[in-house]
Structures are given as C-alpha cells and as structure tokens.
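First comes the structure, then the notes that go with it.
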Amino acid sequence: MAAAKKPIRWHIAVFLAPAVIVYTTVMILPLFGTLQLSLFSTGPDGQVFVGLDNFRTLLGDPRWSASFWNALWNNTWFFIIHMAVQNPVGILLAALLSSPHLRLRGFYRTAIFVPTILSFVIVGFVWKLILSPIWGVAPSLLDLVGLRGLFEPWLGKEEYALTTLGLISVWQFVGIPMMLIYAALLAIPDEILEAAECDGITGMAQFWKIKLPLILPSIGIISVLTFVGNFNAFDLIYATQGALAGPNFSTDILGTFLYRTFFGFQLQTGDSNMGATIASMMFFIILVGVCLYLFVIQTRLRRYQF
C-alpha cells in the first residue's frame, strides 16, 4: 500500500509571510540598493558604472582615506571600551544580583536597566550638562570629595572626548549584558550547582569554575551584539558632539563620517555614491566580524552548552 502523502503545511508560509515581506522591504532591498549605488558615480551624463573605483578612492585617495581610517580606528576604540568595561561590569553585576542573599535585587536590576530605554538625545544632552566646565555639576561633585583638581573638560579635549563618550555609552547600555547574563545564570540547572556544593565548591569559586564556563555561549552572543552595535553607532556621537564629531574629528566614527558624506554638512556637498561606499564598507566589516564569531568562536563554545 502506497505511503500516505504528507500534507503541505501552508500555514507556515502564511505566518512567515508578513515578517519576510517587512524584512525584505526595510532591510534586504535597501542593502542591495546601497551596494549597487556604491558601484556608480554621478557624472554629467547621470549615473555611470565605475566598478570598485569608489572603494579605491575611499581607501587610497588621501582626501578620503585619512578620514576613513581615523573613523575606523575611533570605531575600534569605541568597541574596545565596551568589550573591556561594559561586558565585564555587566557580568559582575549579574553575578551579584543573582545572589539569593542580596536584598532589593529587583530594584537594583530596574535602576541599572532604566538608562537603556532612554533616548540618545536625552542621554547626550544630560551628560553634556553634567560635564560642562561652566555650568556642569561634575566639578562641584569632585570638589565635595576633594578631587576638583582631577576635573578636565573631557568632552572638549581630543585625547579624552572619545573615551568619555564610550564610558557614557557603557553607563547607558550596561543593563543589556547584565540582564542577558542574569537570565543565563538563572537557567543553570540546580542539580549542577548542588553537585558543586557537595564537592565543596561554593561562593566565588563556584562562579569561576562552574557558572562562568556554562554562560560562555551567552557571553559570546553579547560580544557579537556589542560588535554590531558599536560599528553601527551614530546617535550618541551626533547628539553630543554634532555631525563634525569634534573636537577636530577626534570622536568621528564611521556613522558620522557616513552621514556627512551622504547628506553633506556645512560646506561639504553630499555624495550619495561615496556615502554608499562607506556604508558598504561598514557592512563588510560587520559581516566579517559576525562570520568570524559564527564559524570560529561559536563552534568552540558549543562544548560548554548544557
């Protein structure tokens, strides 16, 4: 007797169709449009196909390459600050808040996570007021503890501005890794922790030897999200330092460089083709970083999954 024919599950396509249509419309089509635009140049006769010439100009022409490499390095430093400060602090906070002996854990989690939902404009404006050497409260607060001599106009000095903005961003978003790691810690089976206690592994030793290896996959996901988010950063720099990313382009990142190039700013005329070229480079950088994580790092972290 012939085997019964499996029914076609049309409902799967029906439920997926809205998400696929929206994602294709707002993500896939603009992406291919940007990549296509980067291969053309605007001339007297309109759009002319130039192949990879725009990329050669961006990377080799001194008028463009200096700004591009400066923005790329600033983006890299912005990412390093988040990886070196935000994620370890988030892990530490999650470990502390997961302790059953800590009182008011819910209040602390909420207070730390609240800045995450604030607007970039509000965060940038408030921190500019706080750090202002004229009307800011930072000099007075440092004076109260006898450290007024340490105050500098951190947002106004080239050597401090980008690091200061990175730490402001850490303050705003440290709640995200904290909550993700907190959820990962709660998901660890009680049997594993009870077995560790039977072997005499408790306290911080239990965290380092048992919990930390088990949450490594979550830490890997947080790291790749941090990478993607930082190389797409724009809002805080623009809200705080403006499109010129001052002082003297010391806080210029790929996002602000793209904005000025594509739309133009002050005396700079907008160039949609070169703007698309910068956007394409940002896409390729993020793509390489994500692929490196997926095919190299994640495969090694799977051994720690339970």
Side-chain angles (χ1 to χ4, degrees), residues 12 15-16 19 76-118 120 123 163 166-233 236 286-306:
I12 297 178
F15 284 117
L16 288 179
T76 304
W77 179 244
F78 203 68
F79 168 67
I80 291 173
I81 292 173
H82 283 76
M83 285 296 294
V85 181
Q86 174 184 279
N87 293 349
V89 171
I91 296 171
L92 176 62
L93 291 173
L96 293 175
L97 294 177
S98 64
S99 173
H101 306 293
L102 181 65
R103 300 178 59 185
L104 301 176
R105 289 180 295 168
F107 170 77
Y108 294 137
R109 288 198 306 267
T110 303
I112 296 172
F113 190 77
V114 162
T116 303
I117 64 176
L118 296 179
F120 286 99
V123 171
T163 302
L167 294 176
I168 292 174
S169 180
V170 166
W171 169 84
Q172 183 178 9
F173 290 110
V174 72
I176 293 178
M178 178 200 71
M179 293 301 292
L180 292 175
I181 296 299
Y182 179 77
L185 289 172
L186 293 183
I188 297 176
D190 293 335
E191 294 81 2
I192 296 178
L193 301 181
E194 291 172 0
E197 290 177 358
C198 292
D199 291 336
I201 305 175
T202 59
M204 289 302 297
Q206 185 181 93
F207 175 78
W208 287 107
K209 295 181 179 180
I210 306 299
K211 294 182 178 180
L212 184 61
L214 292 177
I215 63 174
L216 282 179
S218 297
I219 294 176
I221 293 174
I222 292 171
S223 299
V224 75
L225 290 176
T226 303
F227 175 79
V228 173
N230 279 270
F231 274 88
N232 278 325
L236 181 63
I286 294 173
L287 181 63
V288 169
V290 172
C291 289
L292 180 65
Y293 166 77
L294 292 177
F295 298 112
V296 178
I297 300 176
Q298 189 182 47
T299 54
R300 298 184 179 182
L301 293 180
R302 286 176 183 167
R303 71 185 68 174
Y304 297 105
Q305 292 180 339
F306 51 86

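Values reported hereafter were calculated over all heavy atoms of this structure, with side chains retained and with hydrogens, waters and symmetry mates removed.
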> Roughly how far, to the nearest 0.5 Å, is the CE atom of Met83 from the CZ atom of Phe78?
Replying inline: 14.5 Å
> Between Gly106 and Thr110, which heavy-atom pair has the shortest distance, and what is it?
Replying inline: O-OG1, 2.9 Å
> Taking the side chain as C-beta and beyond, is there a heavy-atom pair between Lys211 and Leu193 under 4.5 Å?
Replying inline: yes
> Which atom pair, heavy atoms only, marks the closest approach of Pro88 to Ala84?
Replying inline: CG-O, 3.4 Å
>> Return the CG to CD1 distance between Leu214 and Ile219, rounded to the nearest 0.5 Å.
In response: 10.5 Å
> Rounded to the nearest 0.5 Å, how far does OG of Ser223 lie from CD of Gln86?
Replying inline: 10.0 Å
> Listed by chain and number, what are the side chain to side chain donor-acceptor pair (under 3.5 Å) partners of Trp77, not counting sequence neighbours?
Replying inline: Thr163
>> In the structure I gave you, are the side-chain heavy atoms of Trp171 and Val123 within less than 4.5 Å of one another anywhere?
In response: yes
>> How long is the straight-line distance from CE of Met178 back to CD1 of Ile176, given to the nearest 0.5 Å?
In response: 10.0 Å
> Does a side-chain heavy-atom distance below 4.5 Å link Ile91 with Phe207?
Replying inline: yes
> Taking the side chain as C-beta and beyond, is there a heavy-atom pair between Leu96 and Tyr108 under 4.5 Å?
Replying inline: no
> Nearest heavy-atom pair of Leu185 and Ala94: which atoms, and what distance?
Replying inline: CD1-O, 3.7 Å
> Roughly how far, to the nearest 0.5 Å, is the CG atom of Asn230 from the CG atom of Leu225?
Replying inline: 11.0 Å
> Looking at side-chain heavy atoms only, is the closest gap between Ile188 and Ile215 below 4.5 Å?
Replying inline: yes
> Roughly how far, to the nearest 0.5 Å, is CG of Leu92 from CG of Asn87?
Replying inline: 12.5 Å
> Of the non-hydrogen atoms in Ile210 and Ala196, which two are nearest, and what is the gap between them?
Replying inline: CG1-CB, 3.9 Å
> Hey, are the side chains of Ser218 and Leu180 touching, using non-hydrogen atoms and a 4.5 Å cut-off?
Replying inline: no
>> For Phe231 versus Thr76, what's the shortest heavy-atom pair and its separation?
In response: CZ-OG1, 4.0 Å
> Is any side-chain heavy atom of Val170 closer than 4.5 Å to a side-chain heavy atom of Val89?
Replying inline: no
> Applying side chain to side chain donor-acceptor pair (under 3.5 Å), which residue pairs with at least one partner in residues 179-197 are found, sequence neighbours left out?
Replying inline: Arg109-Tyr182
> What orientation do Phe120 and Phe173 show, parallel under 30°, tilted 30 to 60°, or perpendicular over 60°?
Replying inline: tilted
> Are any side-chain N or O atoms of Ser98 and backbone N or O atoms of Ala95, one a donor and one an acceptor, separated by less than 3.5 Å?
Replying inline: yes
